[in-house]
Structure formats: C-alpha cells, structure tokens
Amino acid sequence: LKDSAGTVIESESESFDVKAKPKPAASSNNSSGAAAAVESSKSIQDQIGNLSPTAESAVSPVFKLVDGSRSAIANVLDSQLAQTKPKVTSIPLPGSVLGTSTQRDTTVPSESNWFWSIFYTIYFYILTILRFIVGSAGVFYPLVAIVFFYILWRTYKRFRRD
C-alpha cells in the first residue's frame, strides 16, 4: 500500500506456480471425447428458425434427442473401431515380411489369415463410413430425411388403391 505521497506503507507478497491446463483423460467409453467429434445440429436449427421460429421451437427437442443418440452411436462406433484396428494390422498375410527374416506359421492355415484379413478390413471400413455419417450433421440429417421420405412413399404406394 502507498500513501498519497507515494511512500510504501505496507507490502505483502506471495509466490505461486502456474501450471498448464490438465488434458482430459482419453477413454473410448467417455462420451465427451466422441461427443465433441459429433457435429451439432445448431446450424440446421438456426436455418429452420430463419424460416419459422415456431417450427424451430417445435423440432428443438427432437434435434436434442437425435444429437444425443448420435453421440451414443458414435461412442459405440469409436469403441468398435478401436477394437478392430489392431486386428486389421496384426494379421500377417502369407508372403509378408515381418522383419529381417520370415517364418511360415504352421499353426494357422493361410486361408483363415486371408479370410480374417479381408473380413476385418471390410468391417473396419464399414465402421469408418458409419462413423463419418453419424458424426457429420451435414450428411446425417439429409440421409435421414431421404430415408424418411422413402418410407412414406413406400407406405403410400402400399396403401394406395388403384
């Protein structure tokens, strides 16, 4: 503290350390990591609100429910991707060089290595495509709209009388 003349009347000091912000623990079951990767539907809701504020307030709970479901599905897909990726890269194929020398594994037939390699690779790519569709609001919602209108059209064709 200083008086009006500028002389120091009282002083007090304290030392402290400033540490970096702790990073969140990465976990495949944690919804915050995958939820951050799932795009929000806020821009779609805003566009609906520009056309009709009443429609925006009516569909807002539906978007919240669907976004929550998308996050849960994204968590499941992320855990499946994490479990499948090591299987895709760990299956040695016949003729592949595993280091400075190769040795044929006689315990596992080569046909099963080919089968499981192809199976896990296809499964991994399907999971990756599904994760992209679920994570991207710009792809997910138009796709849902197309499926919805297709179901309506098929229902109409089924119950239409000629």
Do [X] and [Y] have side-chain heavy atoms sitting under 4.5 Å apart?
| X | Y | result |
| --- | --- | --- |
| Asp78 | Arg131 | yes |
| Phe63 | Ile48 | yes |
| Thr128 | Phe124 | yes |
| Trp116 | Lys87 | no |

What are the two closest heavy atoms between [X] and [Y], and how far apart are they?
| X | Y | value |
| --- | --- | --- |
| Val139 | Pro142 | O-CD, 3.5 Å |
| Ala58 | Pro61 | O-CD, 3.5 Å |
| Ser11 | Val8 | CB-CG1, 4.4 Å |
| Lys2 | Ile9 | C-CD1, 4.1 Å |
| Ser60 | Gln45 | OG-OE1, 4.0 Å |

Spell out, yes or no, whether [X] and [Y] are grouped together once hydrophobic residues are joined by side-chain heavy atoms under 4.5 Å, including indirect joins.
| X | Y | value |
| --- | --- | --- |
| Phe132 | Tyr123 | no |
| Ile129 | Leu143 | yes |
| Phe115 | Ile126 | yes |
| Val66 | Ile73 | no |

* To do: Among Thr84, Ile122, Val76, find the residue that satisfies the side chain to side chain contact (heavy atoms under 4.5 Å, CB included) test when tested with Leu127.
  =>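 Single pass found, and it is Thr84.
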
* Members besides Leu51 in its Ile/Leu/Val/Met/Phe/Trp/Tyr cluster (side-chain heavy atoms under 4.5 Å) ->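 Noted: Leu51 shares its cluster with no other residue.
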
* To do: Considering only NZ, NE, NH1 and NH2 on the basic side and carboxylate oxygens on the acidic side, decide whether Asp67 and Lys64 come within less than 4.0 Å.
  =>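 Lys64 and Asp67: not salt-bridged.
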
Gap between atom [atom2] of [Y] and atom [atom1] of [X] - 0.5 Å precision:
| X | Y | atom1 | atom2 | value |
| --- | --- | --- | --- | --- |
| Ile146 | Tyr141 | CD1 | OH | 15.0 Å |
| Phe140 | Ile44 | CZ | CD1 | 10.0 Å |
| Tyr125 | Leu130 | OH | CG | 15.0 Å |

* Asked: Arg70 side chain to Glu39 main-chain N or O, any donor-acceptor pair under 3.5 Å?
  ->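 Here the side-chain-to-backbone pair exists.
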
